Asks: 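Encoded as structure tokens, here's the structure I'll be asking about.
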Protein chains: 2
Amino acid sequence: MAAANRPGGAADKRRMILDAAVRVFARRGFNGCRVSDIADEAGVAYGLVYHYFRSKDEVLDTLFLERWNVLLDVIRELDGRDIAPRDKLYAISSFIVDSYRHDPELMKVIIVEVTRAANSFGRTHLDKIREAYDLIAAIVERAQDEGAFKDAVTPRFAAMAFYGAIEQVLTGWIFDERAPGEQEYEQAKVFVVETICGGLDRVPATA
Amino acid sequence: MAAANRPGGAADKRRMILDAAVRVFARRGFNGCRVSDIADEAGVAYGLVYHYFRSKDEVLDTLFLERWNVLLDVIRELDGRDIAPRDKLYAISSFIVDSYRHDPELMKVIIVEVTRAANSFGRTHLDKIREAYDLIAAIVERAQDEGAFKDAVTPRFAAMAFYGAIEQVLTGWIFDERAPGEQEYEQAKVFVVETICGGLDRVPATA
DNA sequence: CGCCAGATTGACCCATCAGTCAATCGCGGA
DNA sequence: TCCGCGATTGACTGATGGGTCAATCTGGCG
């Protein structure tokens with residue numbers, strides 16, 4: 001494993017395969033590409049993919065878990081901070097939008113190939129995905145207890161609406177040909193929170 | 001084509017294939033099933049699928065378009081009515097939730113498989129999907145002009161948040177093993193509108 | 001220098017499956 | 001009764017692609 005620390009060493013090749021997989025999955029879809037496409041894109045022999053990963057599935061698995069765990073950590077860290085609930089939601093929204101800005105292809109793969117894959121893949125990662133909902137729901141619940149949020153809807157539901165809104169925005173970007181501008185990213189962060197927290201109604205409902 | 005009107009006639013077989021495809025796609029996923037699975041499920045010979053459809057893709061295509069066009073018609077019809085914007089959104093929310101209640105497997109296929117397919121062969125569907133956004137956005141825009149809705153966010157964005165929230169709720173049901181109860185369906189319809197229109201904040205933002 | 005372990009290679013195996021097609025069926029009209 | 005044509009059948013084909021594996025390379029270590 002000494003090789004792992006040098007450029008061109010083992011860990012690098014593994015990383016190269018993962019990065020190549022992101023590009024290939026994003027371009028052709030998980031089912032639409034061959035393992036050899038990944039190997040070619042990575043500039044590596046076919047068999048090496050199977051040296052580092054048990055299967056094609058495990059490559060996607062790894063990509064998802066790597067990123068999703070970061071998201072969970074961020075939410076957990078935020079949850080601990082002493083800031084307004086609305087700011088917490090803004091921070092989560094920011095993190096996800098910035099994740100897309102930083103690596104749209106990876107987010108595309110996660111959203112299209114994993115999050116929406118009810119069969120095969122989603123099943124494995126359901127708990128991980130639910131964990132994110134639960135953490136967001138917990139933030140909402142505390143906000144309701146503190147009186148910052150109304151309790152017209154359940155925390156779990158609010159969490160879904162919040163996450164759903166974000167994911168839909170990303171999905172819009174994913175299927176757009178043109179890349180979003182910088183100000184669109186910033187606008188999206190604000191709009192998500194503004195919609196979910198502020199609501200569309202001019203006159204607030206009697207709650 | 002006279003046979004089309006009798007039970008067991010031509011149109012019936014076509015319908016049986018489509019219905020069978022829904023069940024099979026829902027169970028194994030579009031990529032995870034074989035065309036022979038569809039034929040078997042429909043109680044029909046393999047080749048007949050290709051008598052009625054050019055390809056496996058076209059079967060999925062047809063299922064999506066059939067349902068999505070109904071949705072578009074409903075939204076258009078609603079748009080013309082003289083009711084409060086919030087009620088229009090509630091009606092849309094109701095229609096989609098009821099669609100799921102009525103045929104969860106079909107909605108599962110549309111949400112899960114079509115989105116993924118949009119990558120490869122479903123480019124056509126993107127326009128159809130966008131059409132729904134546009135119609136919802138138009139409702140929001142008019143509401144803003146009339147003063148019923150704030151204009152803190154763009155209509156297009158509000159439409160995405162709204163649709164995203166609904167889709168996420170359905171996705172939650174799809175992933176859940178247990179089927180939702182009747183009251184959950186009704187609650188969901190209300191909660192979507194309550195969240196998007198009413199917002200989570202107790203104190204309305206200064207808009 | 002020779003050895004070992006892990007890295008790397010890519011040809012090959014073989015199960016899978018979308019799509020084809022020639023043959024048969026059966027209804028409705030003449 | 002017979003004919004024609006669309007409906008229906010299912011064996012077959014051809015390609016595809018995930019996964020295996022035996023051979024080769026490399027570089028550190030004694």
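These numbers come from a predicted model, not from an experiment. Quick note on labels: first sequence line is chain A, next is B, and so on, each numbered from 1.
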Asks: Can you measure from CG (A:Leu78) to CG (A:Asp87) and round to the nearest 0.5 angstrom?
Replies: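 Answer for the CG-CG pair, A:Leu78 versus A:Asp87, is 9.5 Å.
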Asks: Residues two or more places apart in sequence or in another chain: which of them pass salt bridge (charged side-chain N to carboxylate O under 4.0 Å, His left out) with A:Arg142?
Replies: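 A:Arg142: salt bridge (charged side-chain N to carboxylate O under 4.0 Å, His left out) contacts with A:Asp79.
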Asks: Starting at CZ of B:Arg14 and ending at P of D:dT8, how long is that distance when rounded to a whole Å?
Replies: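 My rounded result for the distance is 13 Å.
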Asks: In whole angstroms, how far is the C1' atom of D:dT8 from the CG atom of B:Asp12?
Replies: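 About 15 Å, once rounded to whole Å.
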Asks: Given D:dA7, is OP1 or OP2 found less than 4.0 Å from the side-chain N or O atoms of B:Lys13?
Replies: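 No, outside the criterion.
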Asks: Check this one for me: any side-chain N or O of A:His51 less than 4.0 Å away from OP1 or OP2 of C:dA7?
Replies: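 Yes, A:His51 has a side-chain N/O under 4.0 Å of OP1/OP2 on C:dA7.
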Asks: List every contact pair, protein side and nucleotides 10-17 of chain C side both N or O, where the distance is under 3.5 Å.
Replies:
residue : atom : partner : partner atom : Å
C:dG10  : N7   : A:Gly47 : N            : 3.1
C:dC17  : OP2  : B:Arg34 : NE           : 3.2

Asks: What integer distance in Å separates B:Phe53:CZ from D:dA7:P?
Replies: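 Result: 13 Å.
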Asks: What residues form a salt bridge (charged side-chain N to carboxylate O under 4.0 Å, His left out) with B:Glu146, not counting sequence neighbours?
Replies: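 Listed in chain order: nothing, the list is empty.
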Asks: Please state how far atom CG in B:Asp57 lies from atom C1' in C:dG19, giving the value in whole angstrom units.
Replies: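 Value for this atom pair: 12 Å.
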Asks: With sequence neighbours left out, what residues match B:Asp98 under salt bridge (charged side-chain N to carboxylate O under 4.0 Å, His left out)?
Replies: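 For B:Asp98, the residues satisfying salt bridge (charged side-chain N to carboxylate O under 4.0 Å, His left out) (neighbours in sequence not counted) are B:Arg101, B:Lys189.
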Asks: Figure out the OH/C1' separation between B:Tyr50 and C:dG19, and round it to whole Å.
Replies: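 After rounding, the gap between these two atoms is 5 Å.
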Asks: Using five pairs at each end of the helix from C:dC1-D:dG30 to C:dA30-D:dT1 to define an axis, what is the angle between those two axes, to 10°?
Replies: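 The end-segment axes of the helix from C:dC1-D:dG30 to C:dA30-D:dT1 are tilted 10° relative to each other.
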Asks: With sequence neighbours left out, which residue pairs that include part of residues 152-166 of chain A fulfil the salt bridge (charged side-chain N to carboxylate O under 4.0 Å, His left out) condition?
Replies: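 For residues 152-166 of chain A, and leaving out neighbouring residues, the salt bridge (charged side-chain N to carboxylate O under 4.0 Å, His left out) pairs sorted by first residue read A:Asp134-A:Arg156.
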Asks: List the atom pairs, with distances to 0.1 Å, where a side-chain N or O of residues 168-175 of chain B and a protein N or O form a donor-acceptor pair under 3.5 Å, not counting sequence neighbours.
Replies:
residue  : atom : partner  : partner atom : Å
B:Gln168 : NE2  : A:Tyr133 : OH           : 2.2
B:Thr171 : OG1  : B:Glu167 : O            : 2.7

Asks: Could you go through residues 24-37 of chain A and list every donor-acceptor pair under 3.5 Å that involves a side-chain atom there, pairing it with any protein atom two or more places apart or in another chain?
Replies:
residue : atom : partner : partner atom : Å
A:Arg27 : NH2  : A:Glu41 : OE1          : 3.1
A:Asp37 : OD2  : A:Arg34 : N            : 2.9

Asks: side-chain hydrogen bond (donor to acceptor under 3.5 Å, both in side chains) with A:Asn69: which residues, sequence neighbours excluded?
Replies: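 Residues passing side-chain hydrogen bond (donor to acceptor under 3.5 Å, both in side chains) with A:Asn69: A:Lys128.
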Asks: Can you name the residues that form a side-chain hydrogen bond (donor to acceptor under 3.5 Å, both in side chains) with A:Ser99, not counting sequence neighbours?
Replies: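 For A:Ser99, the residues satisfying side-chain hydrogen bond (donor to acceptor under 3.5 Å, both in side chains) (neighbours in sequence not counted) are A:Arg67.
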Asks: If you restrict it to nitrogen or oxygen atoms, what contacts under 3.5 Å exist between nucleotides 22-26 of chain C and the protein, and what is each distance?
Replies:
none

Asks: Atom CD1 of B:Ile17 and atom P of C:dG19: how far apart are they, to the nearest Å?
Replies: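 Interatomic distance, CD1 of B:Ile17 to P of C:dG19: 14 Å.
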Asks: Does a side-chain N-to-carboxylate-O contact under 4.0 Å join A:Asp201 and B:Lys150?
Replies: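 Salt bridge: no.
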Asks: With sequence neighbours excluded, tell me which residues meet salt bridge (charged side-chain N to carboxylate O under 4.0 Å, His left out) with A:Asp176.
Replies: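 Salt bridge (charged side-chain N to carboxylate O under 4.0 Å, His left out) list for A:Asp176, sorted by chain: A:Arg178, B:Arg130.
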